[in-house]
Amino acid sequence: MQDRYRDLLNDYLDDQLDSLETLLVEEHLNSCAECKRELNQLKLLDWELKHQPEIDLPPELMEVRIAAIKNYLKSYESLQGNSRVRDFLELQVSIMSNTSRFLSLNPINQVLNRTAKSSVSALGKVAGAILNKKKPRLLRIIPGQA
Amino acid sequence: MDQDAIKLVRRCKENDQEAFNELLSRHEGYLYRICYSFTRNKEDSMDMLQEIYLKIFRGFNSFDEEKPLLPWLKKIAVNTMINNNKKKRLPELSFNGFRDFSDSSSGNKFAMENYLSAAHSTEENVVFDDTREVIDRLIGDLPDQYRLALTLRYHEEMSYEAIARELNQPLGTVKNSVFRARNLLREQMLACKLLEV
């Protein structure tokens with residue numbers, strides 16, 4: 001039997017055909033013993049599948065449930081614990097960052113920074129002069145004295 | 001959902017142990033039966049059930065309390081079935097044959113028949129004399145896609161359209177799965193002389 005007919009029989013069994021298709025299949029069934037036998041087998045199988053015995057519930061269901069809940073809550077608490085450690089570390093980093101920012105804003109630091117910057121600037125001028133081979137006065141005088 | 005159920009779900013969202021226990025005890029029978037109708041054995045059903053519980057616990061926060069609970073639980077169960085790599089309790093049944101049986105190749109058919117004949121000749125006779133047992137075994141070894149569609153069709157009594165929505169598959173694919181499953185079962189039951197008409 002071709003799959004096309006087999007599918008039609010399945011559709012017929014499930015009442016999935018429109019009225020014309022139903023009529024045609026029924027006409028065919030009147031003249032085809034093979035299809036008729038197959039349909040009857042499918043009907044019997046369908047009945048078996050629809051009337052399967054009630055599935056018994058095993059007594060272990062309660063144990064499985066309780067164990068699953070305990071395991072989940074345990075792993076959840078463990079995750080929470082990890083996240084608490086993470087939160088603590090993040091707080092520490094945040095405090096250090098704020099402290100550093102505060103120190104950089106401290107007025108004394110700003111004075112020191114300005115002094116340092118001007119020193120760097122002066123040194124930069126000396127260095128620039130050396131690179132441009134313009135001997136600064138200071139450098140010319142010192143060797144002469146030596 | 002009624003107010004009691006909403007309260008219970010809210011407690012579950014707060015990881016209340018008692019609430020979890022109460023909620024699961026209400027639905028574990030349904031969940032176990034749908035697992036068993038798919039796996040066809042107790043151990044695999046229990047394993048699958050634990051997986052489903054874990055997904056339920058983890059997913060509670062995303063559950064919309066305005067919607068009914070049971071379809072949400074069922075969706076989790078079905079998704080678990082789809083993704084589940086079933087552990088085979090009967091390695092001798094997991095030959096290539098039945099897995100790719102959809103095209104009804106004769107070699108595969110003989111392999112299954114040989115297995116069943118061998119079983120008949122052993123002390124398993126008593127078990128195999130029971131039609132229900134044989135059907136259970138045959139369904140249990142259908143390809144996953146067919147078995148899932150068959151479970152939803154017969155155990156859940158769902159329409160083809162509803163199954164297609166649930167599995168996110170075209171209607172034709174779902175029908176094809178059920179038809180092929182039935183034809184495989186019919187052929188195997190005929191081979192075991194269990195479908196004489």
Side-chain angles (χ1 to χ4, degrees), chain A residues 1-17 21 25 29 33-81 83, chain B residues 15-21 23-25 27-37 40 42-43 45-47 49-54 56-58 103-104 131-132 135-136 139 150-151 153-155 157 159-160 171-172 175-176 178-183 185-187 189-190 194-197:
Chain A
M1 184 190 291
Q2 289 176 15
D3 279 349
R4 191 164 62 90
Y5 292 117
R6 195 160 274 138
D7 287 351
L8 272 176
L9 287 185
N10 273 286
D11 274 325
Y12 180 74
L13 181 75
D14 291 330
D15 207 13
Q16 297 278 307
L17 298 177
E21 288 170 323
V25 168
L29 287 169
E34 191 190 351
C35 281
K36 200 168 184 175
R37 189 169 60 250
E38 184 158 330
L39 178 65
N40 285 335
Q41 289 164 350
L42 284 172
K43 278 182 181 173
L44 195 58
L45 173 65
D46 188 58
W47 188 90
E48 289 280 2
L49 292 171
K50 280 177 180 163
H51 296 86
Q52 290 183 73
E54 181 80 351
I55 297 164
D56 294 330
L57 297 180
E60 303 95 298
L61 269 185
M62 192 175 78
E63 289 166 34
V64 169
R65 182 208 325 147
I66 290 169
I69 294 170
K70 279 187 178 169
N71 285 340
Y72 170 72
L73 291 177
K74 201 173 162 186
S75 64
Y76 178 79
E77 280 162 15
S78 163
L79 277 174
Q80 287 295 100
S83 70
Chain B
N15 287 318
D16 181 330
Q17 186 170 351
E18 283 303 312
F20 277 143
N21 195 44
L23 186 128
L24 289 189
S25 61
H27 300 287
E28 66 190 358
Y30 169 77
L31 291 171
Y32 175 79
R33 286 191 173 106
I34 193 170
C35 288
Y36 187 91
S37 68
R40 298 282 156 171
K42 190 174 121 185
E43 284 73 20
S45 303
M46 288 299 209
D47 288 347
L49 201 57
Q50 290 181 52
E51 207 177 316
I52 291 169
Y53 286 165
L54 197 59
I56 291 172
F57 299 148
R58 286 177 179 163
D103 55 1
S104 298
T131 310
R132 299 283 182 191
I135 293 176
D136 241 21
I139 293 174
L150 206 70
T151 298
R153 178 75 183 161
Y154 285 98
H155 184 266
E157 297 177 358
S159 68
Y160 286 117
L171 182 63
K175 278 182 162 187
N176 189 59
V178 174
F179 294 178
R180 295 280 170 272
R182 278 200 300 232
N183 283 324
L185 291 174
R186 186 184 64 83
E187 287 174 17
M189 286 171 74
L190 277 174
L194 289 170
L195 208 61
E196 300 295 335
V197 287

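We name chains A, B, ... by the order of the sequence lines, and we start the count at 1 in each one.
Side chains of B/Arg180 and A/Asp7 form a contact here, defined as non-hydrogen atoms less than 4.5 Å apart. A heavy-atom distance below 4.5 Å is not found between the side chains of B/Leu185 and A/Glu48. Inter-residue side-chain proximity for B/Met46 and A/Pro58 is flagged as met; some heavy-atom pair is nearer than 4.5 Å. A/Tyr72 is listed as a side-chain neighbour of B/Arg58, based on a closest heavy-atom distance under 4.5 Å. Contact check for A/Gln16 versus B/Leu171: no side-chain heavy atoms found under the 4.5 Å cut-off.
In this structure, chain B has heavy atoms under 4.5 Å from both the backbone and the side chain of A/Ile69. Residue B/Ser45 does not touch chain A at all, counting heavy-atom pairs closer than 4.5 Å. Contact of A/Glu54 with chain B is made through the side chain alone, with heavy-atom distances under 4.5 Å. Of the atoms belonging to B/Phe179, heavy atoms from both backbone and side chain fall under 4.5 Å from chain A. Only the side chain of B/Tyr32 comes within less than 4.5 Å of a heavy atom in chain A; its backbone stays farther off. Contact of A/Lys70 with chain B is made through the side chain alone, with heavy-atom distances under 4.5 Å.
Note: A/Ile55 CD1 to B/Tyr30 OH = 11.5 Å, rounded to the nearest 0.5 Å. Rounding to the nearest 0.5 angstrom, the gap separating the CG atom in B/Asn176 from the CG atom in A/Asn10 is 9.5 Å. Expressed to the nearest 0.5 Å, how far CG of A/Asp14 lies from CZ of B/Arg182 amounts to 4.0 Å. Annotation: the span from B/Glu43 atom CD to A/Glu60 atom CD amounts to 8.5 Å, rounded to 0.5 Å. Atom CG of A/Leu57 and atom NZ of B/Lys42 lie 11.0 Å apart (nearest 0.5 Å). A distance of 8.5 Å separates CE of A/Met62 from CG of B/Asn21, quoted to the nearest 0.5 Å.
Salt bridge status for A/Asp11 with B/Lys175: present, with a side-chain N to carboxylate O gap under 4.0 Å. Using a 4.0 Å cut-off between a side-chain N of Lys or Arg and a carboxylate O of Asp or Glu, B/Glu157 and A/Lys50 do not qualify as a salt bridge.
Minimum heavy-atom separation, B/Tyr53 to A/Ala68: CD1-CB, 3.7 Å. Shortest non-hydrogen contact noted between B/Asn183 and A/Glu38 is OD1-OE2, 4.0 Å. Among all heavy-atom pairs drawn from B/Asn15 and A/Leu73, the shortest one is O-CD2, 3.6 Å.
Among A/Val64, A/Asn71, A/Ile66, the residue making the largest number of heavy-atom pairs under 4.5 Å with chain B is A/Val64.
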Using the side chain to side chain contact (heavy atoms under 4.5 Å, CB included) rule, take B/Leu49 and A/Leu61 through it: C-alpha gap first, then chi angles, then the decisive distance, then the call. CA-CA 9 Å; B/Leu49 201 57; A/Leu61 269 185; 3.3 Å; yes

